Protein chains: 2
Amino acid sequence: MTGKQKAIIEAKANVLKALGHPTRLWMAEQLENGEKCVCELAEFIDADFSTISKHLSVLKQAGVVMDEKRGKQVYYKLKVPCILKYMSCVEAVIRAQAEERAVIL
Amino acid sequence: MTGKQKAIIEAKANVLKALGHPTRLWMAEQLENGEKCVCELAEFIDADFSTISKHLSVLKQAGVVMDEKRGKQVYYKLKVPCILKYMSCVEAVIRAQAEERAVIL
DNA sequence: TTGTTATTTGGTCATTTAACCAAGCATTTA
DNA sequence: TAAATGCTTGGTTAAATGACCAAATAACAA
């Protein structure tokens, strides 16, 4: 593998990793219907504000979202909306898993 | 959020997290063209065999791959091949990121 | 049966992650 | 200008992760 190929795979993995946390994935899904300010997201998350802010910064770092300050508030939106189109397949994965476990139990 | 919704988002995040490591993502991509035994994957990965084996078990746990022992070898394959269709979008994300950084630098 | 090959498992350790709290910084409101 | 609001940053800490080594297991070969 060349250095470039390695860098690409690392960047891709980083995007997946950013979405690989329940709170962050939930946030990204909320942004599917348009931008939201931090306070709107925070309303439904049971965690410290600083924790929420840090999760958003992980998503931003990875390139999943972008932010814009307007007045007192900061608005976040998806940068590349297709990122959530994937979820139908991810759901197929977990459905298969669930069925399998059901058989085992 | 109901307990079920929470469980679903956790399971989905778990799949993304499993793919969110360069080595594991690379492995999953290798399996796109059909099953491979551990030794075939290991050939190109500069890590201990035990490390490779553990990465595969993370992918298996998450439901991304399945394994089958045949003779002395264990073969792994994608369980739900669509899991990699996504990558075109992930690539769009990292391309956007790269362009942005290029502008900054 | 003994050895060899292919892979997994258990243990250890350094690093990273994610949570909280406290403090900091803009922006707006009083 | 002072106080309040909305969010981020820095510090701390416990838990999770990922790497390696050594040992275990399983299947085949000698």
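As the structure is a computational prediction, the values presented were derived from the model and not from experiment. The chains referred to below are lettered A, B, ... by the order of the sequence lines, with proteins before strands, and numbering in each begins at 1.
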Within less than 4.0 Å of OP1 or OP2 of C:dT8, is there a side-chain N or O belonging to B:Tyr76?
-> yes
Treat each ILVMFWY residue as a node, draw an edge where side-chain heavy atoms are under 4.5 Å apart, and state whether A:Leu41 and A:Met66 are in one component.
-> no
Hey, are B:Lys17 and B:Glu10 close enough for a salt bridge, meaning a charged N less than 4.0 Å from a carboxylate O?
-> no
Rounded off to whole Å, could you give me the CG-to-P distance for the B:Asp67 and D:dA27 pair?
-> 13 Å
Please state whether the base of D:dC7 and the side chain of A:Ser50 form at least one donor-acceptor pair under 3.5 Å?
-> no
A:Met27 atom CE is separated from C:dA18 atom P, nearest whole Å, by 12 Å
Measure distances between side-chain N and O atoms of B:Lys54 and base N and O atoms of C:dG11, and say whether any donor-acceptor pair falls under 3.5 Å.
-> yes
A:Asp46 CG to C:dA19 C1', in whole Å, measures 12 Å
To the nearest Å, how far apart are B:Lys17 NZ and C:dT16 P?
-> 16 Å
Atom-pair distance (CG on A:Leu19; P on C:dA18), nearest Å | 12 Å
Interatomic distance where CZ belongs to A:Arg24 and C1' belongs to C:dA19 [whole Å] = 12 Å
Looking only at D:dC7, C:dC20, C:dA19, the nucleotide nearest the A:His55 side chain is C:dA19
Let me know the distance between NZ of B:Lys72 and C1' of D:dT25, rounded to the nearest Å.
-> 14 Å
Below 4.0 angstrom, N of the basic side chain to O of the carboxylate: do B:Glu29 and A:Lys12 qualify?
-> yes
Heavy-atom distance under 4.5 Å between the side chains of A:Lys79 and A:Lys77, does that happen here?
-> no
Rounded to whole Å, CG of B:Asp48 lies from C1' of D:dA22 at a distance of 10 Å
Any side-chain N or O of B:Thr51 less than 4.0 Å from the OP1 or OP2 oxygen of D:dG18?
-> no
Phosphate-side-chain proximity, B:His21 and D:dA19, N/O vs OP1/OP2 below 4.0 Å = yes
Earlier contact from the 5' end, DNA chain C, for A:Ala47 and B:Tyr75 | B:Tyr75
Side chain of A:Gln73 (C-beta onward), nearest among D:dG6, C:dT7, D:dA27 = D:dG6
Between D:dG18, C:dT7, C:dC21, which nucleotide has the shortest distance from any of its atoms to the side chain of B:Phe49?
-> C:dT7
B:Met27 versus B:Ile52: any side-chain heavy-atom pair under 4.5 Å?
-> yes
